[in-house]
Amino acid sequence: MNNGYYDVKKAAEAEHKAIWGAWAVGGFLWLLLCGWTDGVPILGTLVYWLLWVFGVIATCAAIYASYQVSEREAKARRDTLGR
């Protein structure tokens with residue numbers, strides 16, 4: 001195989017790690033915020049629901065970004081193999 005494909009594959013792995021690492025760190029920070037505002041009646045409830053809404057949005061965005069990276073990797077593989 002071509003070295004170019006291995007470069008693309010390595011870059012894709014790094015992008016996957018960055019995408020899901022950012023997702024995990026963001027989720028952890030939201031959970032910390034939920035814990036800190038748990039005792040405040042209205043703010044705690046608001047932060048809890050925002051966690052769910054933005055958590056779903058962030059998860060969908062991470063899945064889509066990861067899919068796009070996988071598609072670019074697959075295209076590079078097809079180009080390298082000549083298919």
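Using a 4.5 Å cut-off between side-chain heavy atoms of Ile, Leu, Val, Met, Phe, Trp and Tyr, with links allowed through other members, L33 and V53 fall into the same hydrophobic cluster. V40 and V47 fall within the same hydrophobic cluster, defined by Ile, Leu, Val, Met, Phe, Trp and Tyr side-chain heavy atoms under 4.5 Å apart, directly or through other members. Taken together through direct or relayed side-chain contacts under 4.5 Å among Ile, Leu, Val, Met, Phe, Trp and Tyr, W30 and I57 form part of one hydrophobic cluster. In terms of hydrophobic clustering, with Ile, Leu, Val, Met, Phe, Trp and Tyr side chains grouped at heavy-atom distances under 4.5 Å, V69 and Y6 are assigned to different clusters. Cluster membership for L51 and L43, using ILVMFWY side-chain heavy atoms within less than 4.5 angstrom, is shared.
Applying the 6.0 Å contact sphere to CD1 of I42 captures no more than 12 heavy atoms from other residues, nucleotides or ligands.
Atom-to-atom distance recorded for E73:CD and K75:NZ is 13.5 Å, nearest 0.5 angstrom. From W52, atom CH2 reaches atom SG of C34 across 10.0 Å, with rounding to the nearest 0.5 Å.
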- [ ] Might you work through the side-chain contact (heavy atoms from CB on, under 4.5 Å) test for D38 and Y48, ending with a clear yes or no?
- [x] CA-CA 8 Å; D38 192 30; Y48 175 77; over 6 Å; no
Sequence neighbours left out, cut at 3.5 Å: what donor-acceptor pairs do the side chains of residues 15-29 make with other protein atoms?
from : atom 1 : to  : atom 2 : distance (Å)
E15  : OE1    : R72 : NH2    : 2.7
E15  : OE2    : R72 : NH2    : 3.4
H16  : ND1    : S66 : OG     : 2.9
H16  : NE2    : S70 : OG     : 3.4
W23  : NE1    : T59 : OG1    : 3.0

